[in-house]
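The structure appears below as C-alpha coordinates.
Values reported hereafter were calculated over all heavy atoms of this structure, with side chains retained and with hydrogens, waters and symmetry mates removed. Just so we're on the same page: letters track the sequence lines, and every chain starts at 1.
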2 protein chains.
Amino acid sequence: MATPTPQTTPSGGLRERKKQRTHDALIRAALELFTDQGYEATTIDEIAEAVDVSQRTYFRYFANKEEVVFAVQEMVEARFVAELRGRPASEAPLTALRQAVLGAWDDIGGAIASVVPVELHMRACQMIESTPALVAAHLRRSSDLEEEVSRLIAGREGLDVDTDPRPRVLVAAFGGVMRVASKVWGEGQDCSVTAIRELTRSYLDHIRPAFDDDWRTGQAGRSTGDVNSGRELSTPDKERVRNG
Amino acid sequence: MATPTPQTTPSGGLRERKKQRTHDALIRAALELFTDQGYEATTIDEIAEAVDVSQRTYFRYFANKEEVVFAVQEMVEARFVAELRGRPASEAPLTALRQAVLGAWDDIGGAIASVVPVELHMRACQMIESTPALVAAHLRRSSDLEEEVSRLIAGREGLDVDTDPRPRVLVAAFGGVMRVASKVWGEGQDCSVTAIRELTRSYLDHIRPAFDDDWRTGQAGRSTGDVNSGRELSTPDKERVRNG
DNA sequence: TTGTCAACTGTCAGTGGCTGACATTAATCT
DNA sequence: AGATTAATGTCAGCCACTGACAGTTGACAA
(Lines give C-alpha, C1' and ligand atoms only; values in the text may rest on other atoms or scores of the structure.)
Protein backbone atom coordinates (compact mmCIF):
# COMPACT_ATOMS: atom_id res chain seq x y z
CA MET A 1 0.00 0.00 0.00
CA ALA A 2 2.89 2.32 -0.26
CA THR A 3 1.71 4.61 -2.97
CA PRO A 4 -1.67 4.66 -4.63
CA THR A 5 0.33 4.02 -7.72
CA PRO A 6 -0.40 7.18 -9.59
CA GLN A 7 -0.41 5.83 -13.07
CA THR A 8 -2.53 8.93 -13.27
CA THR A 9 -0.67 11.05 -15.76
CA PRO A 10 2.61 11.98 -17.27
CA SER A 11 2.15 15.57 -16.14
CA GLY A 12 1.76 15.39 -12.39
CA GLY A 13 -1.46 15.02 -10.49
CA LEU A 14 -4.97 15.95 -11.40
CA ARG A 15 -4.67 19.28 -9.69
CA GLU A 16 -1.66 20.09 -11.85
CA ARG A 17 -3.46 19.15 -15.03
CA LYS A 18 -6.50 21.18 -14.14
CA LYS A 19 -4.35 24.22 -13.53
CA GLN A 20 -2.63 23.78 -16.86
CA ARG A 21 -5.99 23.48 -18.60
CA THR A 22 -7.34 26.66 -17.02
CA HIS A 23 -4.09 28.46 -17.79
CA ASP A 24 -4.18 27.51 -21.46
CA ALA A 25 -7.90 28.14 -21.75
CA LEU A 26 -7.43 31.65 -20.42
CA ILE A 27 -4.75 32.33 -23.02
CA ARG A 28 -6.89 31.01 -25.84
CA ALA A 29 -9.99 32.89 -24.76
CA ALA A 30 -8.05 36.10 -24.20
CA LEU A 31 -6.31 36.03 -27.57
CA GLU A 32 -9.53 35.14 -29.30
CA LEU A 33 -11.39 38.04 -27.71
CA PHE A 34 -8.52 40.50 -28.08
CA THR A 35 -7.96 39.79 -31.76
CA ASP A 36 -11.68 39.80 -32.33
CA GLN A 37 -12.85 42.98 -30.72
CA GLY A 38 -9.60 44.69 -29.78
CA TYR A 39 -7.45 44.74 -26.67
CA GLU A 40 -8.86 47.81 -24.99
CA ALA A 41 -12.42 46.89 -25.85
CA THR A 42 -12.13 43.56 -24.06
CA THR A 43 -12.60 43.36 -20.32
CA ILE A 44 -11.08 40.79 -18.05
CA ASP A 45 -14.54 39.89 -16.89
CA GLU A 46 -15.31 38.76 -20.43
CA ILE A 47 -12.22 36.57 -20.54
CA ALA A 48 -13.00 35.04 -17.18
CA GLU A 49 -16.59 34.44 -18.15
CA ALA A 50 -15.55 32.75 -21.39
CA VAL A 51 -13.51 30.25 -19.36
CA ASP A 52 -16.10 30.15 -16.62
CA VAL A 53 -13.91 31.27 -13.78
CA SER A 54 -14.03 34.34 -11.61
CA GLN A 55 -12.14 37.53 -12.42
CA ARG A 56 -10.09 36.94 -9.30
CA THR A 57 -8.90 33.63 -10.68
CA TYR A 58 -7.64 35.31 -13.82
CA PHE A 59 -5.42 37.49 -11.67
CA ARG A 60 -4.08 34.43 -9.91
CA TYR A 61 -2.75 33.16 -13.23
CA PHE A 62 -1.64 36.46 -14.76
CA ALA A 63 -0.40 39.49 -12.91
CA ASN A 64 -2.19 41.94 -15.17
CA LYS A 65 -4.07 42.37 -18.41
CA GLU A 66 -0.94 42.46 -20.59
CA GLU A 67 0.69 39.34 -19.29
CA VAL A 68 -1.67 36.90 -20.94
CA VAL A 69 -0.81 38.40 -24.31
CA PHE A 70 2.86 37.55 -23.93
CA ALA A 71 2.43 34.09 -22.45
CA VAL A 72 3.33 32.36 -25.71
CA GLN A 73 6.27 34.66 -26.39
CA GLU A 74 7.51 33.79 -22.93
CA MET A 75 7.58 30.10 -23.79
CA VAL A 76 9.61 30.78 -26.90
CA GLU A 77 12.01 33.06 -25.06
CA ALA A 78 12.59 30.59 -22.26
CA ARG A 79 13.30 27.89 -24.81
CA PHE A 80 15.70 30.22 -26.62
CA VAL A 81 17.66 31.05 -23.49
CA ALA A 82 17.90 27.39 -22.55
CA GLU A 83 19.08 26.57 -26.04
CA LEU A 84 21.67 29.34 -25.90
CA ARG A 85 23.08 28.10 -22.63
CA GLY A 86 23.55 24.74 -24.27
CA ARG A 87 25.59 25.97 -27.21
CA PRO A 88 29.26 24.97 -27.16
CA ALA A 89 31.69 27.67 -26.10
CA SER A 90 33.65 27.16 -29.27
CA GLU A 91 30.99 28.81 -31.38
CA ALA A 92 31.31 32.47 -32.28
CA PRO A 93 28.72 34.60 -30.45
CA LEU A 94 26.51 35.35 -33.40
CA THR A 95 26.59 31.72 -34.47
CA ALA A 96 25.48 30.62 -31.04
CA LEU A 97 22.62 33.11 -31.07
CA ARG A 98 21.61 32.01 -34.51
CA GLN A 99 21.66 28.32 -33.71
CA ALA A 100 19.83 28.91 -30.46
CA VAL A 101 16.99 30.77 -32.08
CA LEU A 102 16.64 28.26 -34.88
CA GLY A 103 16.79 25.41 -32.41
CA ALA A 104 14.19 27.06 -30.22
CA TRP A 105 11.78 27.31 -33.11
CA ASP A 106 12.36 23.67 -33.93
CA ASP A 107 11.14 22.09 -30.76
CA ILE A 108 8.78 24.81 -29.70
CA GLY A 109 6.56 24.73 -32.73
CA GLY A 110 4.52 21.86 -31.43
CA ALA A 111 4.48 23.27 -27.93
CA ILE A 112 2.88 26.48 -29.17
CA ALA A 113 0.28 24.63 -31.16
CA SER A 114 -0.69 22.63 -28.09
CA VAL A 115 -1.71 25.87 -26.39
CA VAL A 116 -3.03 28.02 -29.19
CA PRO A 117 -3.43 27.59 -32.93
CA VAL A 118 -0.37 29.07 -34.63
CA GLU A 119 -2.65 31.23 -36.72
CA LEU A 120 -4.13 32.76 -33.58
CA HIS A 121 -0.69 33.47 -32.26
CA MET A 122 0.14 35.27 -35.47
CA ARG A 123 -2.96 37.40 -35.24
CA ALA A 124 -1.88 38.21 -31.69
CA CYS A 125 1.48 39.43 -32.98
CA GLN A 126 -0.26 41.81 -35.34
CA MET A 127 -2.48 43.05 -32.56
CA ILE A 128 0.54 43.81 -30.39
CA GLU A 129 2.05 45.96 -33.13
CA SER A 130 -1.09 48.02 -33.42
CA THR A 131 -1.80 48.57 -29.73
CA PRO A 132 0.38 51.25 -28.12
CA ALA A 133 0.11 49.82 -24.63
CA LEU A 134 1.24 46.43 -25.91
CA VAL A 135 4.04 47.89 -28.01
CA ALA A 136 5.39 49.49 -24.88
CA ALA A 137 5.18 46.26 -22.93
CA HIS A 138 6.79 44.37 -25.78
CA LEU A 139 9.72 46.76 -26.01
CA ARG A 140 10.30 46.56 -22.29
CA ARG A 141 10.25 42.79 -22.36
CA SER A 142 12.66 42.76 -25.28
CA SER A 143 14.94 45.12 -23.45
CA ASP A 144 14.98 42.87 -20.40
CA LEU A 145 15.68 39.80 -22.47
CA GLU A 146 18.49 41.53 -24.32
CA GLU A 147 20.09 42.45 -21.04
CA GLU A 148 20.01 38.83 -19.94
CA VAL A 149 21.36 37.61 -23.23
CA SER A 150 24.11 40.22 -23.25
CA ARG A 151 25.35 38.96 -19.91
CA LEU A 152 25.18 35.40 -21.14
CA ILE A 153 27.22 36.19 -24.22
CA ALA A 154 29.71 38.22 -22.22
CA GLY A 155 30.07 35.29 -19.86
CA ARG A 156 30.78 32.90 -22.71
CA GLU A 157 33.51 35.17 -24.00
CA GLY A 158 34.93 36.06 -20.64
CA LEU A 159 34.14 39.74 -21.00
CA ASP A 160 32.72 42.31 -18.63
CA VAL A 161 29.45 43.56 -19.98
CA ASP A 162 29.89 46.95 -18.32
CA THR A 163 33.30 47.55 -19.76
CA ASP A 164 33.21 46.07 -23.21
CA PRO A 165 30.34 47.35 -25.35
CA ARG A 166 30.52 44.59 -27.93
CA PRO A 167 28.19 42.08 -26.30
CA ARG A 168 25.46 44.67 -25.92
CA VAL A 169 26.00 45.98 -29.42
CA LEU A 170 25.82 42.52 -30.91
CA VAL A 171 22.75 41.59 -28.92
CA ALA A 172 21.06 44.88 -29.73
CA ALA A 173 21.60 44.29 -33.42
CA PHE A 174 20.48 40.70 -33.09
CA GLY A 175 17.40 41.75 -31.16
CA GLY A 176 16.56 44.39 -33.72
CA VAL A 177 16.77 41.88 -36.53
CA MET A 178 14.62 39.40 -34.63
CA ARG A 179 11.99 42.01 -33.95
CA VAL A 180 11.83 42.96 -37.61
CA ALA A 181 11.65 39.31 -38.60
CA SER A 182 8.74 38.55 -36.34
CA LYS A 183 7.00 41.70 -37.48
CA VAL A 184 7.35 40.77 -41.13
CA TRP A 185 6.21 37.26 -40.29
CA GLY A 186 3.14 38.62 -38.58
CA GLU A 187 2.27 40.72 -41.61
CA GLY A 188 2.83 37.95 -44.13
CA GLN A 189 0.59 35.15 -45.25
CA ASP A 190 2.65 32.14 -44.39
CA CYS A 191 2.14 31.50 -40.71
CA SER A 192 4.10 28.28 -40.60
CA VAL A 193 6.99 27.77 -38.25
CA THR A 194 9.11 26.98 -41.27
CA ALA A 195 8.43 30.45 -42.58
CA ILE A 196 9.78 32.21 -39.54
CA ARG A 197 12.80 29.94 -39.45
CA GLU A 198 13.68 30.86 -42.99
CA LEU A 199 12.99 34.53 -42.39
CA THR A 200 15.20 34.47 -39.33
CA ARG A 201 17.95 32.67 -41.18
CA SER A 202 18.05 35.06 -44.10
CA TYR A 203 17.78 38.21 -41.98
CA LEU A 204 20.58 37.11 -39.71
CA ASP A 205 22.80 36.59 -42.72
CA HIS A 206 22.71 40.34 -43.20
CA ILE A 207 24.53 41.13 -40.01
CA ARG A 208 26.88 38.17 -39.99
CA PRO A 209 29.72 39.95 -41.77
CA ALA A 210 29.74 42.65 -39.12
CA PHE A 211 30.18 40.30 -36.21
CA ASP A 212 32.13 37.47 -37.62
CA ASP A 213 35.36 38.08 -35.80
CA ASP A 214 36.66 36.23 -32.83
CA TRP A 215 36.63 38.36 -29.69
CA ARG A 216 38.94 36.14 -27.76
CA THR A 217 41.84 35.73 -30.12
CA GLY A 218 41.45 39.13 -31.68
CA GLN A 219 41.17 37.75 -35.17
CA ALA A 220 39.85 40.32 -37.57
CA GLY A 221 39.18 42.75 -34.77
CA ARG A 222 40.28 44.10 -31.45
CA SER A 223 39.53 42.43 -28.23
CA THR A 224 39.37 45.00 -25.47
CA GLY A 225 37.57 48.08 -24.43
CA ASP A 226 37.84 50.16 -27.50
CA VAL A 227 34.57 50.87 -29.16
CA ASN A 228 33.42 49.29 -31.32
CA SER A 229 33.28 46.44 -33.67
CA GLY A 230 29.92 47.58 -34.91
CA ARG A 231 31.81 49.53 -37.48
CA GLU A 232 30.23 47.64 -40.29
CA LEU A 233 26.71 48.02 -39.07
CA SER A 234 25.70 50.38 -41.77
CA THR A 235 26.50 48.10 -44.61
CA PRO A 236 23.27 47.34 -46.38
CA ASP A 237 24.19 44.53 -48.63
CA LYS A 238 27.72 43.47 -48.83
CA GLU A 239 28.74 40.03 -49.77
CA ARG A 240 32.04 39.55 -48.10
CA VAL A 241 31.40 36.03 -47.02
CA ARG A 242 34.11 35.12 -44.70
CA ASN A 243 31.91 32.44 -43.37
CA GLY A 244 33.45 30.54 -40.57
CA MET B 1 -9.66 103.54 -28.72
CA ALA B 2 -9.60 100.36 -30.60
CA THR B 3 -7.94 98.10 -28.16
CA PRO B 4 -7.20 98.76 -24.50
CA THR B 5 -3.64 98.05 -25.50
CA PRO B 6 -2.90 95.14 -23.23
CA GLN B 7 0.68 95.80 -22.37
CA THR B 8 -0.18 92.93 -20.16
CA THR B 9 2.24 90.23 -21.18
CA PRO B 10 4.56 88.89 -23.78
CA SER B 11 2.84 85.52 -23.69
CA GLY B 12 -0.74 86.05 -24.79
CA GLY B 13 -3.65 86.89 -22.57
CA LEU B 14 -4.22 86.25 -18.95
CA ARG B 15 -6.11 83.05 -19.67
CA GLU B 16 -3.11 81.73 -21.56
CA ARG B 17 -0.75 82.56 -18.74
CA LYS B 18 -2.97 80.98 -16.16
CA LYS B 19 -3.07 77.78 -18.17
CA GLN B 20 0.68 77.76 -18.50
CA ARG B 21 1.06 78.28 -14.77
CA THR B 22 -1.26 75.40 -13.92
CA HIS B 23 0.46 73.20 -16.48
CA ASP B 24 3.92 73.87 -15.08
CA ALA B 25 2.73 73.64 -11.51
CA LEU B 26 1.28 70.21 -12.19
CA ILE B 27 4.60 69.05 -13.62
CA ARG B 28 6.54 70.36 -10.68
CA ALA B 29 4.18 68.93 -8.10
CA ALA B 30 4.03 65.58 -9.85
CA LEU B 31 7.79 65.20 -10.18
CA GLU B 32 8.29 66.32 -6.63
CA LEU B 33 5.81 63.79 -5.30
CA PHE B 34 6.94 61.00 -7.62
CA THR B 35 10.61 61.34 -6.81
CA ASP B 36 9.76 61.72 -3.15
CA GLN B 37 7.48 58.83 -2.44
CA GLY B 38 7.63 56.84 -5.68
CA TYR B 39 5.55 56.81 -8.84
CA GLU B 40 3.15 54.04 -7.94
CA ALA B 41 2.72 55.27 -4.40
CA THR B 42 1.55 58.66 -5.58
CA THR B 43 -2.06 59.20 -6.59
CA ILE B 44 -3.31 61.77 -9.03
CA ASP B 45 -5.54 63.13 -6.34
CA GLU B 46 -2.43 64.06 -4.38
CA ILE B 47 -0.93 65.86 -7.36
CA ALA B 48 -4.13 67.73 -8.02
CA GLU B 49 -4.50 68.64 -4.39
CA ALA B 50 -0.95 69.96 -4.25
CA VAL B 51 -1.78 72.35 -7.08
CA ASP B 52 -5.24 72.96 -5.72
CA VAL B 53 -7.18 71.82 -8.73
CA SER B 54 -9.58 68.94 -9.22
CA GLN B 55 -8.49 65.53 -10.44
CA ARG B 56 -10.57 66.13 -13.54
CA THR B 57 -8.47 69.17 -14.35
CA TYR B 58 -5.30 67.13 -14.21
CA PHE B 59 -6.72 64.90 -16.93
CA ARG B 60 -7.51 67.93 -19.05
CA TYR B 61 -3.80 68.78 -19.10
CA PHE B 62 -2.35 65.28 -19.31
CA ALA B 63 -3.91 62.26 -20.94
CA ASN B 64 -2.76 59.86 -18.24
CA LYS B 65 -0.54 59.40 -15.26
CA GLU B 66 2.62 58.78 -17.30
CA GLU B 67 2.39 61.80 -19.53
CA VAL B 68 3.30 64.35 -16.92
CA VAL B 69 6.55 62.50 -16.31
CA PHE B 70 7.68 62.97 -19.90
CA ALA B 71 6.55 66.56 -20.33
CA VAL B 72 10.08 67.93 -20.05
CA GLN B 73 11.56 65.27 -22.32
CA GLU B 74 8.93 66.24 -24.84
CA MET B 75 10.16 69.82 -24.86
CA VAL B 76 13.72 68.67 -25.50
CA GLU B 77 12.68 66.29 -28.23
CA ALA B 78 10.59 68.88 -30.03
CA ARG B 79 13.51 71.28 -29.91
CA PHE B 80 15.81 68.57 -31.24
CA VAL B 81 13.58 67.75 -34.20
CA ALA B 82 13.22 71.42 -35.06
CA GLU B 83 16.97 71.84 -34.87
CA LEU B 84 17.50 68.80 -37.09
CA ARG B 85 15.15 70.13 -39.76
CA GLY B 86 17.23 73.28 -39.81
CA ARG B 87 20.56 71.60 -40.47
CA PRO B 88 22.01 72.17 -43.92
CA ALA B 89 21.65 69.31 -46.36
CA SER B 90 25.37 69.35 -46.97
CA GLU B 91 26.07 67.84 -43.58
CA ALA B 92 26.56 64.12 -43.25
CA PRO B 93 23.69 62.45 -41.41
CA LEU B 94 25.49 61.74 -38.17
CA THR B 95 26.92 65.23 -38.12
CA ALA B 96 23.47 66.72 -38.52
CA LEU B 97 22.15 64.57 -35.69
CA ARG B 98 25.06 65.52 -33.50
CA GLN B 99 24.78 69.22 -34.16
CA ALA B 100 21.04 69.10 -33.67
CA VAL B 101 21.24 67.45 -30.29
CA LEU B 102 23.98 69.76 -29.09
CA GLY B 103 22.06 72.74 -30.38
CA ALA B 104 18.91 71.57 -28.71
CA TRP B 105 20.64 71.37 -25.35
CA ASP B 106 22.01 74.86 -25.85
CA ASP B 107 18.82 76.82 -26.05
CA ILE B 108 16.64 74.46 -24.09
CA GLY B 109 18.65 74.55 -20.90
CA GLY B 110 16.99 77.73 -19.74
CA ALA B 111 13.59 76.60 -20.91
CA ILE B 112 13.80 73.52 -18.73
CA ALA B 113 14.86 75.49 -15.71
CA SER B 114 11.90 77.79 -16.12
CA VAL B 115 9.58 74.86 -15.61
CA VAL B 116 11.43 72.66 -13.16
CA PRO B 117 14.78 72.84 -11.41
CA VAL B 118 17.31 70.89 -13.46
CA GLU B 119 18.14 68.85 -10.41
CA LEU B 120 14.51 67.75 -10.13
CA HIS B 121 14.52 66.76 -13.76
CA MET B 122 17.57 64.63 -13.15
CA ARG B 123 15.94 62.87 -10.23
CA ALA B 124 12.99 62.23 -12.51
CA CYS B 125 15.29 60.53 -15.03
CA GLN B 126 16.55 58.20 -12.34
CA MET B 127 13.00 57.43 -11.27
CA ILE B 128 12.05 56.52 -14.82
CA GLU B 129 14.88 54.02 -15.01
CA SER B 130 13.74 52.29 -11.86
CA THR B 131 10.02 52.13 -12.57
CA PRO B 132 9.03 49.35 -14.97
CA ALA B 133 5.88 51.08 -16.17
CA LEU B 134 7.88 54.20 -16.99
CA VAL B 135 10.69 52.27 -18.65
CA ALA B 136 8.12 50.78 -20.98
CA ALA B 137 6.62 54.16 -21.78
CA HIS B 138 10.06 55.62 -22.30
CA LEU B 139 11.09 52.90 -24.73
CA ARG B 140 7.92 53.32 -26.70
CA ARG B 141 8.40 57.06 -26.92
CA SER B 142 12.00 56.58 -28.02
CA SER B 143 10.89 54.13 -30.65
CA ASP B 144 8.35 56.59 -32.01
CA LEU B 145 10.87 59.39 -32.09
CA GLU B 146 13.43 57.22 -33.84
CA GLU B 147 10.92 56.38 -36.52
CA GLU B 148 10.27 60.07 -37.14
CA VAL B 149 13.97 60.88 -37.21
CA SER B 150 14.72 57.96 -39.53
CA ARG B 151 12.27 59.32 -42.07
CA LEU B 152 13.73 62.77 -41.69
CA ILE B 153 17.25 61.50 -42.33
CA ALA B 154 16.12 59.36 -45.22
CA GLY B 155 14.39 62.40 -46.71
CA ARG B 156 17.57 64.46 -46.45
CA GLU B 157 19.52 61.81 -48.28
CA GLY B 158 16.86 60.98 -50.82
CA LEU B 159 16.49 57.40 -49.64
CA ASP B 160 13.50 55.20 -49.07
CA VAL B 161 13.37 54.25 -45.44
CA ASP B 162 11.61 50.98 -46.22
CA THR B 163 14.17 49.85 -48.74
CA ASP B 164 17.48 51.06 -47.44
CA PRO B 165 18.20 49.98 -43.87
CA ARG B 166 20.95 52.51 -43.28
CA PRO B 167 18.84 55.41 -41.97
CA ARG B 168 17.16 53.23 -39.41
CA VAL B 169 20.40 51.56 -38.39
CA LEU B 170 22.13 54.88 -37.97
CA VAL B 171 19.26 56.33 -35.97
CA ALA B 172 19.00 53.21 -33.86
CA ALA B 173 22.67 53.43 -32.99
CA PHE B 174 22.35 57.15 -32.34
CA GLY B 175 19.30 56.59 -30.17
CA GLY B 176 21.05 53.88 -28.22
CA VAL B 177 23.99 56.13 -27.52
CA MET B 178 21.73 58.97 -26.48
CA ARG B 179 19.83 56.75 -24.10
CA VAL B 180 23.02 55.53 -22.48
CA ALA B 181 24.28 59.09 -22.24
CA SER B 182 21.18 60.35 -20.47
CA LYS B 183 21.22 57.35 -18.20
CA VAL B 184 24.82 57.95 -17.19
CA TRP B 185 24.02 61.61 -16.72
CA GLY B 186 21.12 60.73 -14.47
CA GLU B 187 23.36 58.54 -12.34
CA GLY B 188 26.20 61.01 -12.11
CA GLN B 189 26.70 63.96 -9.80
CA ASP B 190 27.03 66.77 -12.25
CA CYS B 191 23.53 67.74 -13.25
CA SER B 192 24.53 70.71 -15.34
CA VAL B 193 23.51 71.08 -18.93
CA THR B 194 27.18 71.40 -19.78
CA ALA B 195 27.72 67.93 -18.40
CA ILE B 196 25.23 66.29 -20.68
CA ARG B 197 26.54 68.20 -23.66
CA GLU B 198 30.03 66.90 -23.03
CA LEU B 199 28.81 63.40 -22.37
CA THR B 200 26.82 63.45 -25.57
CA ARG B 201 29.75 64.77 -27.53
CA SER B 202 32.20 62.17 -26.31
CA TYR B 203 29.79 59.25 -26.65
CA LEU B 204 28.90 60.21 -30.19
CA ASP B 205 32.55 60.28 -31.10
CA HIS B 206 32.58 56.54 -30.54
CA ILE B 207 30.23 55.78 -33.38
CA ARG B 208 31.41 58.46 -35.74
CA PRO B 209 33.89 56.25 -37.58
CA ALA B 210 31.13 53.82 -38.43
CA PHE B 211 28.85 56.35 -40.06
CA ASP B 212 31.03 58.99 -41.51
CA ASP B 213 30.51 58.19 -45.12
CA ASP B 214 28.49 60.01 -47.68
CA TRP B 215 25.50 57.99 -48.70
CA ARG B 216 24.88 60.01 -51.79
CA THR B 217 28.24 60.02 -53.45
CA GLY B 218 29.85 57.12 -51.70
CA GLN B 219 32.71 59.37 -50.62
CA ALA B 220 34.14 59.23 -47.21
CA GLY B 221 34.03 62.14 -44.83
CA ARG B 222 31.59 64.86 -45.70
CA SER B 223 31.09 66.32 -42.31
CA THR B 224 31.78 69.83 -41.23
CA GLY B 225 33.41 69.00 -37.97
CA ASP B 226 37.04 68.04 -37.79
CA VAL B 227 36.65 64.47 -38.65
CA ASN B 228 39.65 62.35 -38.41
CA SER B 229 40.45 62.00 -42.02
CA GLY B 230 38.78 59.63 -44.36
CA ARG B 231 38.44 56.66 -42.19
CA GLU B 232 37.72 53.52 -44.11
CA LEU B 233 34.08 53.11 -43.63
CA SER B 234 31.46 50.59 -43.90
CA THR B 235 29.88 51.54 -47.11
CA PRO B 236 29.83 48.57 -49.33
CA ASP B 237 32.65 48.40 -51.73
CA LYS B 238 30.00 47.11 -53.98
CA GLU B 239 26.78 48.37 -55.38
CA ARG B 240 24.56 50.71 -53.45
CA VAL B 241 21.01 50.09 -52.66
CA ARG B 242 19.89 53.55 -53.36
CA ASN B 243 18.67 54.97 -56.55
CA GLY B 244 19.04 58.57 -57.43
C1' DT C 1 -19.88 99.19 -18.26
C1' DT C 2 -22.42 95.56 -19.56
C1' DG C 3 -23.86 91.51 -21.76
C1' DT C 4 -22.70 87.62 -24.67
C1' DC C 5 -19.74 83.99 -25.92
C1' DA C 6 -16.29 80.70 -25.31
C1' DA C 7 -12.98 78.55 -22.53
C1' DC C 8 -11.71 76.59 -18.21
C1' DT C 9 -12.98 74.24 -14.15
C1' DG C 10 -15.52 71.45 -10.52
C1' DT C 11 -18.77 67.90 -9.28
C1' DC C 12 -20.74 63.57 -9.88
C1' DA C 13 -21.55 59.13 -11.36
C1' DG C 14 -19.75 55.20 -13.42
C1' DT C 15 -16.42 51.65 -15.67
C1' DG C 16 -12.57 48.74 -15.49
C1' DG C 17 -7.99 47.14 -13.73
C1' DC C 18 -6.24 45.27 -9.67
C1' DT C 19 -5.68 43.70 -4.55
C1' DG C 20 -6.48 41.93 0.25
C1' DA C 21 -9.27 39.20 3.30
C1' DC C 22 -11.96 35.42 4.20
C1' DA C 23 -14.92 31.58 3.38
C1' DT C 24 -15.63 27.49 0.36
C1' DT C 25 -14.56 23.74 -2.47
C1' DA C 26 -11.78 20.12 -4.13
C1' DA C 27 -7.38 17.34 -4.55
C1' DT C 28 -3.80 15.06 -1.85
C1' DC C 29 -1.84 12.62 2.13
C1' DT C 30 -2.10 9.58 6.16
C1' DA D 1 -12.52 8.57 6.24
C1' DG D 2 -10.52 12.56 8.19
C1' DA D 3 -6.85 16.01 8.21
C1' DT D 4 -4.12 18.94 5.26
C1' DT D 5 -3.29 21.99 1.66
C1' DA D 6 -4.02 24.24 -2.67
C1' DA D 7 -7.33 26.41 -5.86
C1' DT D 8 -11.31 29.08 -6.26
C1' DG D 9 -15.33 32.30 -5.40
C1' DT D 10 -17.18 36.26 -3.11
C1' DC D 11 -16.95 40.70 -1.41
C1' DA D 12 -15.27 45.19 -0.39
C1' DG D 13 -12.40 48.69 -1.80
C1' DC D 14 -8.57 51.69 -4.13
C1' DC D 15 -7.21 54.05 -8.09
C1' DA D 16 -6.84 55.39 -13.07
C1' DC D 17 -9.72 57.31 -16.28
C1' DT D 18 -14.12 59.16 -18.77
C1' DG D 19 -18.61 61.38 -20.04
C1' DA D 20 -22.08 64.66 -18.81
C1' DC D 21 -23.58 68.69 -16.88
C1' DA D 22 -23.30 72.90 -14.42
C1' DG D 23 -20.77 76.92 -12.58
C1' DT D 24 -17.11 80.27 -13.14
C1' DT D 25 -14.17 83.39 -15.43
C1' DG D 26 -11.55 85.65 -18.97
C1' DA D 27 -12.25 87.78 -23.91
C1' DC D 28 -14.58 90.80 -26.74
C1' DA D 29 -18.14 93.76 -28.71
C1' DA D 30 -21.83 96.95 -28.19
Within residues 58-70 of chain B: residues closer than 4.0 Å to DNA chain C (heavy atoms): R60(B), Y61(B)
List in chain and number order the residues that pass side chain to side chain donor-acceptor pair (under 3.5 Å) with [X], two or more places apart in sequence or in another chain; answer none if no residue qualifies.
| X | result |
| --- | --- |
| Q73(B) | none |
| D45(B) | none |
| S150(B) | none |

Does E148(B) have any salt bridge (charged side-chain N to carboxylate O under 4.0 Å, His left out) partners at least two apart in sequence or in another chain, and if so, which? R85(B)
Can you list the residues that meet the salt bridge (charged side-chain N to carboxylate O under 4.0 Å, His left out) rule with D162(B), with sequence neighbours excluded? R168(B)
Quick note, salt bridge (charged side-chain N to carboxylate O under 4.0 Å, His left out) partners involving residues 54-78 of chain B, not counting sequence neighbours, are E74(B)-R141(B), E77(B)-R141(B)
Not counting sequence neighbours, list each pair that qualifies as a salt bridge (charged side-chain N to carboxylate O under 4.0 Å, His left out) and has a residue in residues 175-193 of chain B. E146(B)-R179(B)
Apply the side chain to side chain contact (heavy atoms under 4.5 Å, CB included) test between V171(A) and each candidate in L152(A), V161(A), I153(A); give the one that qualifies. I153(A)
Under a 4.0 Å heavy-atom cutoff, the residues of residues 20-39 of chain B touching DNA chain D are none
At less than 3.5 Å, do the side-chain atoms of R17(B) and the base atoms of dG26(D) form a donor-acceptor pair? no
Exercise answer: donor-acceptor pairs, residues 108-121 of chain A side-chain atoms, under 3.5 Å, sequence neighbours excluded:
{"unit_1": "S114(A)", "atom_1": "OG", "unit_2": "A111(A)", "atom_2": "O", "d": "2.7"}
{"unit_1": "E119(A)", "atom_1": "OE2", "unit_2": "R123(A)", "atom_2": "NE", "d": "2.9"}

Detail all sub-3.5 Å separations between protein N/O atoms and N/O atoms belonging to nucleotides 28-30 of chain D.
none

Considering residues at least two apart in sequence or located in another chain, which fulfil the ring-ring contact (aromatic ring centres under 6.0 Å, His included) criterion with F62(B)? H23(B), Y58(B)
